[in-house]
Asks: 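Okay, here's the structure, questions in a sec.
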Amino acid sequence: MGSYANGARITGMLDKAERDGALVHAPAGPLRDALNRRVARGTLVAPHPGHFARSRLWSELDPAERCRRLARSLACAHPDWVLAGPTAALIHGLYVPHRALAHVTVVAGCNRVIGAVHAIDRERPPSTIVEGLRVTSLDQTAFDTMRALPFRDALGVADSLLRLTQRTPDQAVRRIAAMKCGHRGVRRVKETLLAADPRSENGGESYARAVMIEEGVQLPELQVEYRIPGSGGVHRVDFDWEHRVRGRNRHDIGELDGFQKLTDPTMTGGRAAHEILRAERNRESRLMAMGLGVIRFTFDDCVRTGPLMGLLAAHGIPGAEAALARWRTREGGPA
């Protein structure tokens with residue numbers, strides 16, 4: 001095949017893969033060699049041997065979409081594989097932290113990491129088809145994923161499971177207990193589910209709440225609505241604490257700041273970042289005029305723990321001062 005015809009074929013394959021939300025898969029041979037030459041020139045990337053995408057497109061995808069596309073490509077190349085763990089959780093629509101998606105997890109008859117694939121050797125589990133992909137069942141997936149993650153990440157999986165299934169924490173625990181009685185990690189998964197709350201709207205909010213649970217801070221109410229005087233509108237806050245400071249009742253609200261609020265088209269409504277920030281500050285001023293304390297923090301504050309505890313302690317949230325003192329002892333310095 002001439003170089004022009006070969007180039008046209010590769011272009012067509014890449015276009016089709018992008019429409020299908022997948023990658024180009026090429027078995028060993030001349031076609032893969034031609035694709036690898038394009039990888040060497042930088043026009044393509046190979047996230048896993050034999051699986052290719054345009055470099056520009058790949059650089060624009062977030063880790064979740066990268067994992068989803070590679071999973072689809074691998075499923076086509078290996079129809080006997082069953083997607084499992086965090087990869088299956090992503091396909092089911094559960095929350096999964098991006099750092100858990102560095103590999104595509106599959107049940108494939110061996111225990112090893114090969115390229116971007118984490119293969120697990122175990123008896124073929126119950127599976128189902130979601131988005132055209134064979135994945136472990138929802139309960140199996142949730143159990144495997146929560147068991148594999150630290151509590152701060154696992155709570156987001158549990159919160160999203162309750163949102164997706166509309167189960168209560170007790171119902172979710174009973175299902176897991178019936179399915180996984182005696183399995184390693186089942187106790188920790190049960191504890192995570194009992195702490196779950198479907199009102200957490202995203203993984204960042206779940207992570208923040210997990211930090212508060214670990215540090216023994218008074219837990220807030222979630223997604224509380226306030227009618228803002230003078231605006232005719234209602235503002236829903238991420239976190240809401242009612243507590244007592246120096247013998248007086250006090251309300252403080254917490255807002256988790258993040259780039260998603262400024263960049264995600266589903267959340268921006270077509271507004272520029274400076275317009276969103278101005279509206280946020282306007283609402284914040286009105287809420288403070290109502291006598292509410294406003295606590296703004298970032299995901300990084302939660303990861304580092306001390307900065308979040310310092311902000312909560314400054315507002316008198318019960319348990320935060322003691323948590324901050326413990327953090328200072330652990331870290332050996334101020335927040």
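Counting begins at 1 with the first residue of the sequence.
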Asks: Around atom CZ of Arg122, are there more than 12 heavy atoms of other residues, nucleotides or ligands at under 6.0 Å?
Replies: yes
Asks: Looking at Trp58 and Val45, would you say the former's side chain and the latter's main chain have a donor-acceptor pair under 3.5 Å?
Replies: no
Asks: Taking C-beta and beyond as the side chain, do Val24 and Leu35 meet within less than 4.5 Å on heavy atoms?
Replies: yes
Asks: Using the rule that Ile, Leu, Val, Met, Phe, Trp and Tyr join whenever any side-chain heavy atoms are under 4.5 Å apart, tell me whether Leu312 and Leu219 fall into a single cluster.
Replies: yes
Asks: Check the side chains of His235 and Glu255 for a donor-acceptor pair under 3.5 angstrom, ignoring hydrogens and angles.
Replies: yes
Asks: Anything under 30° is parallel, anything over 60° is perpendicular, the rest tilted; go ahead and classify Phe299 against Tyr207.
Replies: tilted
Asks: Can you confirm whether Tyr226 sits close enough to Asp240 that some side-chain heavy atom of one is under 4.5 Å from a side-chain heavy atom of the other?
Replies: yes
Asks: Tell me whether Gln171 contacts the main-chain N or O of Thr168 through its side chain, where contact means a donor paired with an acceptor under 3.5 Å.
Replies: yes
Asks: Using a 4.5 Å cut-off on heavy atoms from C-beta on, say whether the side chain of Leu101 contacts that of Arg68.
Replies: no
Asks: Taking all heavy atoms of Leu94 and all of Leu138, pick out the closest pair and write down the distance.
Replies: CD1-CD1, 4.0 Å
Asks: What's the verdict on side-chain contact (heavy atoms from CB on, under 4.5 Å) for Phe143 and Val186, showing C-alpha distance, side-chain angles and the deciding distance?
Replies: CA-CA 8 Å; Phe143 175 79; Val186 69; 4.0 Å; yes
Asks: Look at Arg209 together with Glu215 and state whether they make a salt bridge at an N to O cut-off of under 4.0 Å.
Replies: no
Asks: Taking all non-hydrogen atoms of both residues into account, name the closest pair between Tyr95 and Val157 and its distance.
Replies: O-CG2, 3.3 Å
Asks: Could you tell me which non-hydrogen atom of Leu162 sits nearest to which non-hydrogen atom of Ala196, and how far apart they are?
Replies: CD1-CB, 3.6 Å
Asks: Taking Thr136's backbone N and O only, do any of them form a donor-acceptor pair with Thr141's side chain (distance below 3.5 Å, no angle check)?
Replies: yes
Asks: Among Asp159, Asp197, Leu256, which residue satisfies the side chain to side chain contact (heavy atoms under 4.5 Å, CB included) criterion with Glu205?
Replies: Leu256
Asks: Test side-chain contact (heavy atoms from CB on, under 4.5 Å) on Leu90 and Cys67; report intermediate values, then the result.
Replies: CA-CA 9 Å; Leu90 175 70; Cys67 182; 4.0 Å; yes
Asks: Going by an N to O cut-off under 4.0 Å, is there a salt bridge joining Arg304 and Glu331?
Replies: no
Asks: If you measure from CZ on Arg37 to CZ on Arg41, what distance do you get to the nearest 0.5 Å?
Replies: 7.5 Å
Asks: Do the side chains of Met212 and Pro220 get nearer than 4.5 Å, heavy atoms only?
Replies: yes
Asks: Would you confirm whether Arg152, through its side chain, and Glu214, through its main-chain N or O, come within 3.5 Å as a donor-acceptor pair?
Replies: no
Asks: Any salt bridge linking Arg296 with Asp301? Criterion: basic side-chain nitrogen under 4.0 Å from a carboxylate oxygen.
Replies: no
Asks: May I ask whether Ile176 and Leu149 are part of the same hydrophobic cluster, defined by side-chain heavy atoms of I, L, V, M, F, W, Y residues being less than 4.5 angstrom apart, directly or through others?
Replies: yes
Asks: Describe, in one word, how the ring planes of His48 and His51 are oriented to each other, choosing from parallel (under 30°), tilted (30 to 60°) and perpendicular (over 60°).
Replies: tilted
Asks: Evaluate whether atom CD of Gln166 has more than 12 neighbouring non-hydrogen atoms of other residues, nucleotides or ligands under 6.0 angstrom away.
Replies: no
Asks: Verify salt bridge (Lys or Arg N to Asp or Glu O under 4.0 Å) between Arg199 and Asp238, making sure each step is shown before the conclusion.
Replies: CA-CA 9 Å; Arg199 293 176 297 174; Asp238 297 335; over 6 Å; no
Asks: Just wondering, do Phe297 and Asp257 contact through their side chains at under 4.5 Å, heavy atoms?
Replies: no
Asks: Please name the pair of heavy atoms, one in Ala177 and one in Lys190, separated by the smallest distance, quoted to 0.1 Å.
Replies: CB-CE, 3.6 Å
Asks: For residues Val303 and Thr298, determine if any side-chain heavy atom of one lies less than 4.5 Å from a side-chain heavy atom of the other.
Replies: no
Asks: Do Thr43 and Ser55 have side-chain N/O donor and acceptor atoms under 3.5 Å apart?
Replies: no
Asks: Supply the atom-to-atom distance Arg175 CZ to Thr165 OG1, rounded to the nearest 0.5 angstrom.
Replies: 8.0 Å
Asks: Between the side chains of Arg188 and Glu191, is the shortest nitrogen-to-carboxylate-oxygen separation below 4.0 Å, so that they form an ion pair?
Replies: no
Asks: Keeping the roles fixed (side chain from Asp20, backbone from Ala22), state whether a donor-acceptor pair exists under 3.5 Å.
Replies: no
Asks: Report the distance from atom CZ of Arg54 to atom CG of Leu23, rounding to the nearest 0.5 Å.
Replies: 11.5 Å
Asks: Counting only heavy atoms not in Arg112 (residues, nucleotides, ligands), do more than 12 fall under 6.0 Å from its CZ?
Replies: no
Asks: Looking at Gly310, is its backbone amide N or carbonyl O close enough to the side chain of Glu321 to form a donor-acceptor pair, meaning the two atoms are under 3.5 Å apart?
Replies: no
Asks: Asp144 vs Thr105, test: side-chain contact (heavy atoms from CB on, under 4.5 Å). Steps then yes/no.
Replies: CA-CA 11 Å; Asp144 289 342; Thr105 305; over 6 Å; no
Asks: Is it true that a side-chain atom of Thr145 and a backbone atom of Ala142 form a donor plus acceptor pair closer than 3.5 Å?
Replies: no
Asks: Checking Asp252 now: which residues fulfil side-chain hydrogen bond (donor to acceptor under 3.5 Å, both in side chains) with it, not counting sequence neighbours?
Replies: His243, Arg250, His315
Asks: If you look at every heavy atom in Ile213 and Ala195, which pair is closest and at what distance?
Replies: CD1-CB, 4.0 Å
Asks: For Pro47 and Leu70, which heavy atoms make the closest approach, and how far apart are they?
Replies: CB-CD2, 4.5 Å
Asks: Is the backbone of Arg69 close enough, under 3.5 Å, to the side chain of Ser73 for a donor and an acceptor to pair up by distance?
Replies: no
Asks: Return the CE to CD distance between Met13 and Glu18, rounded to the nearest 0.5 Å.
Replies: 12.5 Å
Asks: Take Arg236 and Gln223, measure what side chain to side chain donor-acceptor pair (under 3.5 Å) needs, and give me the verdict at the end.
Replies: CA-CA 6 Å; Arg236 187 170 59 180; Gln223 306 303 327; 3.3 Å; yes
Asks: May I ask you to decide if the ring planes of His78 and His25 are parallel, tilted or perpendicular, using 30° and 60° as cut-offs?
Replies: tilted
Asks: Hey, could you give me the CD/CH2 distance between Gln218 and Trp241, rounded to the nearest 0.5 Å?
Replies: 9.0 Å
Asks: Tell me whether Arg187 at atom CZ has more than 12 heavy atoms from other residues, nucleotides or ligands lying less than 6.0 Å away.
Replies: no
Asks: Would you say Thr305 and Arg326 are linked by a side-chain donor-acceptor pair, where the criterion is simply a distance under 3.5 Å?
Replies: no
Asks: Give, for atom CD of Glu201 and atom OG of Ser160, the distance between the pair rounded to the nearest 0.5 Å.
Replies: 13.5 Å
Asks: With side chains defined as the heavy atoms from C-beta onward, is the minimum distance between Ile120 and Val106 less than 4.5 Å?
Replies: no
Asks: Return yes if some donor-acceptor pair links the side-chain N/O of Arg38 with the main-chain N/O of Ala34 below 3.5 Å, else return no.
Replies: yes
